[in-house]
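Everything on this sheet refers to the single structure shown next.
Below, read A as the first sequence line, B as the second, and so on, with proteins coming before strands; counting in each chain starts at 1. Keep in mind that what you see is a predicted model, and the values were worked out from it rather than measured.
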Amino acid sequence: MFVSLLSCVDMCHFSCRHCMSYPFAEIEPKWQQWWEEQGLYRSSERPGIPKFYVLDMFPYPSAAGLHIGHPEGYTATDIVARYKRMRGYNVLHPMGFDAFGLPTERYSMQTGIHPRIATEQNVANFRRQLKMLGFSYDWSREIITTDPRYYKWTQWMFTLLYNSWYDPEHQKARPISELPLPAGLTDPLELQAYQDRYRLAYLATMPVNWCPELGTVLANEEVDEWREKGYTVEQRSMQQWMLRITAYAERLLQDLELLQWPESTLEMQRNWIGKSLGATILFPVHGHPGLSIEVFTTRPDTLFGATFIVLAPEHPLVEQLTTPEQRPVVESYRQEVAQRLERERLEQERPKTGAFTGSFALHPATGEKLPIWIADYVLLHYGTGAIMAVPAHDERDHAFARALGLPIRQVVTPVNGDSWDITEAAFTADGIACNSTAEGISLDGLPTPQAKERILQWLEATGHGRRSVSYKLRDWLFSRQRYWGEPIPILYYEDGTRRALQLDELPVVLPERVAFLPTGRPESPLAAIREWVFIQDPKTGKPARRETNTMPQWAGSCWYYLRFLDPHNDAWFCDPEKERYWMQPNGVDLYIGGAEHAVLHLLYARFWHKVLYDYGYVSTPEPFYRLFHQGLILGEDGRKMSKSLGNVINPDDIVARYGADALRLFEMFLGPLEATKPWSTKGIEGIARFLNRLWRLIVEEDGSLSPSITDDPLTEEQEFLLHSTVKKVSEDIEALRFNTAIAQMMVFVSEVQHMERRPRALLEPFLLCLAPFAPHIAEELWHRLGHTDSIHTQRFPDYDPQKATPRQIEVVFQVNGKVRAKAQIPFGLSEEELRRMALEHPNVLRFISGRSIRQTIVIPNRLVNVVVD
RNA sequence: GCCCGGAUGGCGGAACCGGUAGACGCACGGGACUUAAAAUCCCGUGGGGUGUAAACCCCGUGCGGGUUCGACUCCCGCUCCGGGCACCA
């Protein structure tokens, strides 16, 4: 009985939903097919017509299919693309797939399905889902980064980097052949080693994160993710390809000025680049004539407070500086540190440890002997890998001095003259210099900024140091020991020389037959395919070995926005004329994607773009001028959607139940685009109601056109409703405030619902406003109203500012800032008239009686505030 | 620890340049239609109070101050939440 009752309710629910909902399941695929047949969203260069390039961050096609978060950003760009088209712009709105990467390779290891096949399947599913949502992509421009016709150019760009050096004088990349060489450098291996120090892509041996189970190195940002899944990650020293992104640090920082990006993202990039101004100072080593330790500091004004020197444990001078007596201590400390690196480095306030080398440096101003220590709180890769320790004015140095009993000398006092207990804590703020006098130099009494300037001049004049700049940014580790990535196009010869392949030799195609299972050896599965690795080089006739490492996942996304401009060109990555047409003057005009790419993809792509710019291959210094991040959509429970929590919403289910238009509208209505906000199943039902109400304005229950539709001219009220709606919707689209645009459209529908006669002149412009948001229902109703051409090729309606202002408006009368009365007045009523009305209003009189009026403030069309004693 | 965001009804949110706080949606309550339900439509809904009623009053945008005729909005000092970086000299 219970069961039958349930099924009855279910059936009723089911059948009612079908008879009451507009037929989205029919009309959505119908129009999608029609649009495709008509080629409605194809774009081509049309000189003289203003262009608009609106781009999504293309997805990684996982086996799980589209996540509910994908349609959020994609709908936003689609609304803008459709709106701009209707405004007469030549819009480029492409889509593709970023398909190389570890997740697919892992999937293949588990299922035995070849990554190429798995990618094809996943892409097909993603493409189906994207088409189901009715996005206006120009699918003829689709690209997939794993296509050899695409990655040919990714490989070519690598060779461009390899064949370039950064000329600091001209501040740009130049061909390596133009690198000035030292006289007498003729040996090929020596020449190669010399050039390697300048190439933008170079080999370096360094400690990396190696995961034995995965059989690959991992990027630093990937380590935590895999450790959480139970994999081990260890440090290994391996030879790796690096990209010299640090050469571009200053330009990457400076050009952020050109961009309209979220402040948080700009800030993250600035922090990531991490520019510090300061000085490098030379400390001669006692007993080693001619040998100096170079330190970097941002506080040269505290030079007189330096009481010891600390080198990074891996610093190249440690060997030479360690005295025989101290060797055992130093050696054991270095080993301890090397092992510690393998453990988590996360322990926040690790106690300071170190070892004394036995040597001393000489203070450049006082000649005092300063002990030279090594400690792991000094990092090899930042600054010069060595510091002058000023425990009085640096917290870390203070902690170290306290832990090891080293002297602390105060050389800066608080500006306000307060005393400061320097043994208790470091004083790190700016202040007034003291105890800072030696022969020929004194800083005493100078405020910190002036003290810095004085000491810098002294350092430069005496040759003890110079102004310098340091960046946190490090070079980009670019190789992976993976199969599913772009092969790095390098050949090695038996004599130790190597060369990058030339354009006519690209692409280096990924061999199809491969064993994916990790070998346990620190090399790519490609290394096992001997017939692919070992070849006779056709250009030189010499036996050669291919590079078996592949590129990281980020490579393909570094330039895809350029390939969309000319996706089928086999002769060049992008025709220069097409590049100029679509990229001038502001590159990608709108780029929307997740904030998780704030520093990785968005920094890497900017770097590659600048290299291409230096060669004149692209015409703008930056790729993406306006960037926006869509916020995360949480599960209905307010937690992040995840399979294990069971709160994942699948777009396929939503579209089946409510239609694509409802999903699109709802994701935009949820809240501000950039906000994190929870999904709500009840909420989408509200959107479905709105669309049904709209449908019933025009279509009768039997499917015929509503008899309420007339050819009447608009009344004044109707004109106001229409023009204020057009104004609100167009302004909100430009500002990406889709939630409030939809709210206004809801107001419109509610009002029209109550009209017995519904003029076409009211409904049709409204459908044009709705078309970018809900393209299917707008197209269907447009056709039902008798049109035969597409609504999406119409002009977006203009509004008349006069008609968008109401005739009557409510104003408030305040007494001392409190609302005491309201009144309906004609819009634009004069200040005098308003003031008179306020002062005559009984409720106002009641509050001002017996008091004297000090002031009356009149804000036309808004309020009158009467200020009384 | 440092850097960036944010905090508004029962919930998601709105309020553009300092000018009616709570648009729009959800949820909830009442009503109409219906044998009944669903769907649909109408009315109400920040909290408290006075009044038969029409109305009217007080409080209210995380907390404490300030500027202003007037503050969700600006300034100073906190609390909590989210994100990023993290021994960067």
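- Of the nucleotides present, none pairs with B/A53 by Watson-Crick or G-U wobble criteria with both distances under 3.5 Å.
- With respect to A/Glu294 and A/Arg466, a salt bridge is recorded, a charged nitrogen being found less than 4.0 Å from a carboxylate O.
- Contact annotation: the side chain of A/Ser276 approaches that of A/Phe296 to within less than 4.5 Å [non-hydrogen atoms, C-beta and beyond].
- Per the geometry, CZ belonging to A/Arg270 stands 22 Å off P belonging to B/G83, to the nearest Å.
- Counting non-hydrogen atoms under 4.0 angstrom, A/Leu670 reaches the backbone sugars and phosphates but no base.
- If you take atom P in B/U34 and the same atom in B/C16, they sit 46 Å apart, rounded to whole Å.
- Nucleotides B/U61 and B/A14, compared at atom C1', are 12 Å apart to the nearest Å.
- Salt-bridge check for A/Glu250 with A/Lys275: passed, with a basic side-chain N closer than 4.0 Å to an acidic carboxylate O.
- Each of A/Leu456, A/Leu459, A/Thr280 was evaluated against A/Arg467; a single residue qualifies, A/Leu456, per the side chain to side chain contact (heavy atoms under 4.5 Å, CB included) test.
- Between A/Ile684 atom CD1 and B/G25 atom P the separation is 16 Å, expressed in whole Å.
- Here the C1' atom of nucleotide B/U40 and the CZ atom of A/Phe690 are 17 Å apart, to the nearest Å.
- Note: CG (A/Asp732) to P (B/C24) measures 15 Å, nearest angstrom.
- A gap of 11 Å separates the P atoms of B/G25 and B/C42, to the nearest Å.
- Comparing the same atom, P, in B/A23 and in B/A32 gives a spacing of 27 Å after rounding to whole Å.
- For the pair A/Arg820 CZ and B/U20 P, the computed distance is 16 Å after rounding to whole Å.
- Residue A/Lys682 is the one, among A/Lys682 and A/Ile387, whose nearest nucleotide of RNA chain B lies closer to the 5' end (criterion: closest heavy atom).
- Counting to the nearest Å, the P atom of B/A89 and the NE2 atom of A/His381 are 12 Å from each other.
- Counting only heavy atoms from C-beta on, A/Thr298 has its side chain closest to B/A89 among B/C85, B/A89, B/C41.
- No contact: A/His393 has no heavy atom under 4.0 Å from any strand.
- Nucleotide B/A71 has no partner under the Watson-Crick or G-U criteria, as no pair reaches both atom distances under 3.5 Å.
- Using a 4.0 Å heavy-atom cutoff across all strands shown, A/Asn739 reaches sugar-phosphate atoms only and no base atom.
- When the nearest nucleotides of RNA chain B are assigned to A/Gln855 and A/Ser276 by heavy-atom distance, the more 5′-ward of the two goes with A/Gln855.
- Taking the six-membered ring for Trp and thresholds of 30 and 60 degrees, A/Tyr377 and A/Phe400 have ring planes inclined between 30 and 60 degrees apart.
- For A/Thr246 and A/Tyr471, the side-chain atoms include no donor-acceptor pair closer than 3.5 Å.
- Heavy atoms of A/Ser680 sit nowhere under 4.0 angstrom from any nucleic acid atom.
- For B/G62 and B/U73, the C1' atoms lie 16 Å apart once the distance is rounded to whole Å.
- Nucleotide B/A32: paired with B/U40 (Watson-Crick or G-U wobble, both distances less than 3.5 Å).
- Residue A/Leu665 comes nearest to A/Ile742 through the heavy atom pair O-CD1, 3.5 Å, listed as atom of the first residue, atom of the second, then distance.
- Of all nucleotides present, only B/C59 satisfies the Watson-Crick or G-U wobble test against B/G46, with each distance under 3.5 Å.
- Using a 4.0 Å heavy-atom criterion, one finds that A/Glu395 contacts no nucleic acid atom at all.
- No engagement by A/Arg737 is indicated, since no non-hydrogen atom pair under 4.0 Å with the nucleic acid exists.
- Note on A/Val867: only backbone sugar-phosphate atoms sit closer than 4.0 angstrom, heavy atoms only; bases stay farther off.
- Closest to the A/Thr740 side chain, of the nucleotides B/C57, B/G19, B/A14, is B/A14.
- The C1' atoms of B/G9 and B/C28 are separated by 13 Å, rounded to the nearest whole Å.
- Here A/Gly274 lies out of heavy-atom contact (under 4.0 Å) with every strand.
- Side chain A/Lys472 to base B/C85: no donor-acceptor pair is found below 3.5 Å.
- Nucleic acid contact for A/Pro672: sugar-phosphate only, since backbone atoms but no base atoms lie under 4.0 Å from a heavy atom of the residue.
- Taking atom C1' on both B/C3 and B/G60, the two are 34 Å apart, rounded to the nearest angstrom.
- Between A/Arg270 and A/Glu263, at least one side-chain nitrogen of the basic residue sits less than 4.0 Å from a carboxylate oxygen of the acidic one, meeting the salt-bridge criterion.
- Nucleotide B/C85 has B/G1 as its partner under the Watson-Crick or G-U criteria, with both atom distances under 3.5 Å.
- The distance between atom CD of A/Glu685 and atom C1' of B/A38, rounded to the nearest whole Å, is 12 Å.
- Computed from coordinates, the A/Ile293 CD1 to B/A89 C1' distance equals 15 Å when rounded to whole Å.
- Residue contacts shown for A/Glu810 include a base, since a base heavy atom lies under 4.0 Å away.
- Applying the Watson-Crick and G-U wobble criteria (two distances, each under 3.5 Å), B/C16 pairs with nothing in any strand.
- In this structure, B/C41 shows a glycosidic angle more than 90 degrees from zero, which is the anti conformation.
- Between the C1' atoms of B/U67 and B/G18, the separation comes to 11 Å (whole Å).
- The local environment of CZ in A/Arg862 is sparse, with at most 12 non-hydrogen atoms from other residues, nucleotides or ligands closer than 6.0 Å.
- Among the protein residues, A/Thr676 comes within range of the sugar-phosphate backbone only, with heavy atoms under 4.0 Å from sugar or phosphate atoms but none that close to a base.
- With B/C87, B/U20, B/G84 as the choices, the nucleotide that has an atom nearest any side-chain atom of A/Met268 turns out to be B/G84.
- Syn is the classification of B/G9, since its glycosidic angle stays within 90° of 0.
- Note on A/Phe400: nothing from the nucleic acid sits closer than 4.0 angstrom, heavy atoms only.
- Here A/Arg693 lies in heavy-atom contact (under 4.0 Å) with sugar-phosphate atoms only.
- Among the heavy atoms of the strands lying under 4.0 Å from A/Lys818 are primed sugar atoms or P, OP1, OP2 only; no base atom is included.
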